[in-house]
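Naming: A, B, ... by sequence-line order, numbering from 1 per chain.
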Amino acid sequence: MYALRQEKLKQIEALGQSAYPNTFTPPEDHPLRTIPEIRAEYDAKTGEELEAARVPVAVAGRIMAIRQQGKAGFATLQQEGQRLQIYVRKDAVGDAAFELYRLLDLGDHIGVTGYLFRTRTNELTIHVETLTFLAKALLALPEKYHGLADVELRYRQRYVDLFMNGVLNPSEPESGSPEGAVLNESPDPGVESKELEAGSRKLEAGNAPEIHVRDVFVKRAAVLRAMRKFFDARGYIEVETPMMQPIAGGAMARPFTTHHNALDIDLFLRIAPELYLKRLVVGGFDRVYEINRNFRNEGISTQHNPEFTMLEFYQAYANYHDLMNLTEELIQFVAMEVNGTTITHFNGTEIDLGQWERLTMREAIPRFWDDRAGPKPSPADFSSVAALRAWISRVAPENRKTDPRPGFVSELLGVPEGENPHHDLHASLRFLDLQLSHPELSSGDGTLGRAIYSLFEIVAEKNLIQPTIIYEFPLAVSPLSKQKPDEPDWVERFEFYIGGFELGNAFSELNDPEEQRRRFEAQLAERERGDEEAHQMDSDYVRALGYGLPPTGGEGIGIDRLTMILTGARSIRDVILFPLLKPQMIGDGNQ
RNA sequence: GGACGCGUAGCUCAAUUGGCAGAGCAUUCGACUCUUAAUCGACAGGUUGCAGGUUCGAUUCCUGCCGCGUCCA
């Protein structure tokens with residue numbers, strides 16, 4: 001194939017065309033237009049109107065389809081994700097140009113001049129007068145109907161994925177007529193549950209709009225534009241802070257390490273910009289935001305990529321309640337700018353980004369507790385480790401020997417699934433109880449707080465589909481947040497969840513340097529116990545606080561995840577142009 | 001890190017207890033001056049992810065490895 005097309009390229013050159021021309025400059029009486037421009041202007045024009053005007057145009061694009069018809073033929077050009085048909089007649093373009101047309105392959109770039117008309121089937125088409133070769137596709141395009149379906153190939157060769165512009169959420173092929181499938185939804189109580197599930201999936205797929213690869217990234221750009229518009233209008237200034245940091249702070253995560261040769265020092269790719277942005281607030285930038293990459297040396301999943309894009313913003317003289325209001329405004333604003341509506345479809349569910357709920361973490365746990373799994377926890381059960389363990393033992397009594405040696409986790413979680421539908425929940429609770437019974441495996445002071453946070457993640461997180469703000473977090477998992485005045489074990493922090501996962505994290509910033517130093521020291525103790533994600537000491541940050549950080553609210557929002565929600569893409573890899581994959585050996589392209 | 005699943009022609013997919021590895025699209029050649037998943041005819045295209053094992057015989061069964069996906073941690 002490759003060699004054949006190289007040979008064709010030589011033949012094209014023999015026709016007087018340049019193999020790799022530098023540009024396409026049509027004559028002045030045929031202005032160069034983009035396909036989207038032409039479609040926007042002439043899609044509504046009738047064949048008679050076009051014939052009367054005989055609109056001369058020049059267009060360039062990639063050939064996505066060719067239909068030869070003897071001494072004439074059609075081709076479909078694509079540019080900026082849109083398509084336009086061209087019609088090439090031997091008697092209109094001449095022998096040489098028609099010979100060129102016959103040498104064209106799918107994927108080639110060409111430029112044409114001609115005039116617009118409508119075919120017998122009323123399709124807007126360019127009647128070609130001249131044909132200019134622009135670039136060759138030496139490799140074969142994917143199958144024209146199904147496109148690139150292999151997920152791995154789509155990520156590895158995103159350039160192909162993008163111009164094929166396939167659908168991310170193809171609906172299941174229907175066995176009957178489309179009308180029949182839609183009407184086939186009446187729930188029959190006698191039908192097996194399997195069939196009911198299949199029916200509801202079909203229904204959901206019918207409701208959710210198709211997601212095209214290219215559109216996802218166009219929308220992603222719109223998300224960024226909308227966010228800048230939102231913050232710029234509110235007097236925030238956009239800043240850039242170090243991506244390479246001597247201390248990777250501002251979050252609990254494992255960093256990537258790199259090395260600066262001239263200075264001979266190790267540096268970390270940042271896990272968050274937080275501590276630098278707050279230094280800027282100390283410096284008198286009362287409202288700052290940054291949109292940039294963070295790097296976390298952790299697992300990869302449908303919600304995690306090692307590098308991801310984060311918005312962080314800080315506002316002096318604001319607290320976490322102010323940020324809750326701002327968050328709801330921001331997400332609604334972005335949704336309206338990007339989609340023109342606050343309604344979105346994610347994972348088969350309709351979500352309204354204009355309707356928010358606010359719950360404390362301690363409210364959310366009983367709220368989303370499934371009563372069939374046992375009695376829900378009461379507020380008193382969160383008062384101490386002993387009380388929490390007593391509740392767990394009522395809900396998920398130990399029915400198996402436990403052992404704090406390495407390997408006990410798999411033994412515990414390896415309980416064969418029985419008739420209990422809450423096996424996973426109970427196993428998770430028993431694992432939590434096991435940790436609580438061996439504080440030396442975790443730690444002392446923060447044990448209760450960490451356990452309640454774990455409980456929240458186990459019980460509530462996956463159920464937070466509609467936009468929900470969860471506020472008041474345990475101090476133990478919040479080393480940079482300000483305490484609640486009336487409950488010093490809890491901090492003024494919230495996270496918001498949509499679609500069953502976390503999108504943002506915000507709090508009233510801790511600005512007492514002495515308290516901050518103690519928090520860092522407590523984190524260091526965690527680190528010594530083996531928690532590699534515990535925060536490191538940042539003495540310069542403590543010094544900055546020593547100069548006085550005003551009362552400040554700060555927040556981080558995951559741009560990739562927000563883009564997932566706004567586009568309906570179910571994997572973070574579908575909203576990142578080049579997600580990280582293991583490198584693969586490839587051939588030289590020749591066959 | 002664990003469990004499960006997938007890997008067959010450039011692409012999308014078949015292949016019966018384990019019995020000659022096939023189709024469509026793309027490519028090549030031919031026909032066709034309004035087609036649009038164009039149509040019609042012909043040709044060609046393969047180390048079935050890699051390495052072993054069982055077997056007279058392996059795409060199929062087994063083991064290991066590689067890559068990807070989903071779920072869990």
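Distances were taken from every side-chain heavy atom of A:K8 (C-beta onward) to each of B:A73, B:U28, B:U35; the shortest belongs to B:U28. Distances from the side chain of A:R67 to the nucleotides B:U35, B:U27, B:U33 place B:U35 closest. Here the side chain of A:Q69 is nearest to one of B:C13, B:U28, B:U35, namely B:U35.
Using bins of under 30°, 30° to 60° and over 60° for the plane-to-plane angle, the ring pair A:F501/A:F346 lands in the perpendicular bin. Under the 30°/60° scheme for interplanar angles, the aromatic rings of A:Y87 and A:F117 are found to be tilted.
Every residue two or more places apart in sequence or in another chain that forms a side chain to side chain donor-acceptor pair (under 3.5 Å) with A:E307 is listed here: A:R293. With sequence neighbours excluded, the residues satisfying side-chain contact (heavy atoms from CB on, under 4.5 Å) with A:S18 are A:P21. With sequence neighbours excluded, no residue forms a side chain to side chain donor-acceptor pair (under 3.5 Å) with A:R573. With sequence neighbours excluded, the residues satisfying side-chain contact (heavy atoms from CB on, under 4.5 Å) with A:S454 are A:L432. The side chain to side chain donor-acceptor pair (under 3.5 Å) test applied to A:Y497 returns A:E495, not counting sequence neighbours.
The two residues A:A137 and A:L106 make their nearest non-hydrogen contact at CB-O, 3.8 Å.
For B:U35, the base has no donor-acceptor partner in the side chain of A:Q68 [N/O atoms by modelled type, under 3.5 angstrom].
Atom-to-atom, CE of A:M64 to C1' of B:U35 comes out at 18 Å; the value is rounded to the nearest Å. Whole-Å rounding puts the A:L4 CG to B:U27 P distance at 11 Å. As a whole-Å value, the separation of A:L103 CG from B:C29 C1' is 14 Å. Distance, A:L104 CG to B:A26 P: 16 Å, rounded to whole Å.
Of the residues in residues 71-84 of chain A, those placing a heavy atom less than 4.0 Å from an atom of RNA chain B are A:K71, A:A72, A:F74, in numerical order.
Under a 4.0 Å N-O distance rule, the pair A:D370/A:R372 qualifies as a salt bridge.
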Under 3.5 Å, which N/O atoms of the protein pair with N/O atoms of nucleotides 22-24 of chain B?
none

Restricting to nitrogen or oxygen on both sides, can you table the protein-nucleotides 68-71 of chain B pairs closer than 3.5 Å?
unit_1	atom_1	unit_2	atom_2	d
B:C68	OP1	A:K582	N	2.9
B:C68	O4'	A:E152	OE1	2.9
B:G69	OP1	A:R573	NH1	2.1
B:G69	OP2	A:R573	NH1	3.2

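Residue pairs that meet the salt bridge (charged side-chain N to carboxylate O under 4.0 Å, His left out) test with at least one member in residues 103-124 of chain A, sequence neighbours left out, are A:R5-A:D105, A:K8-A:D105, A:D105-A:K136, A:D108-A:K136. Listed by first then second residue, pairs satisfying salt bridge (charged side-chain N to carboxylate O under 4.0 Å, His left out) with a partner in residues 72-84 of chain A read A:E80-A:R214, not counting sequence neighbours.
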Show which side-chain atoms of residues 47-56 of chain A pair as donor or acceptor with protein atoms under 3.5 Å away, not counting sequence neighbours.
unit_1	atom_1	unit_2	atom_2	d
A:E49	OE1	A:T46	N	2.8
A:E49	OE1	A:T46	OG1	3.4

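With a 4.5 Å cut-off on side-chain heavy atoms, A:L9 and A:F133 count as touching.
In RNA chain B, runs of at least 3 consecutive Watson-Crick or G-U pairs, each pair with both distances below 3.5 Å, span B:1-7 with B:66-72, B:10-13 with B:22-25, B:28-31 with B:39-42, B:49-53 with B:61-65.
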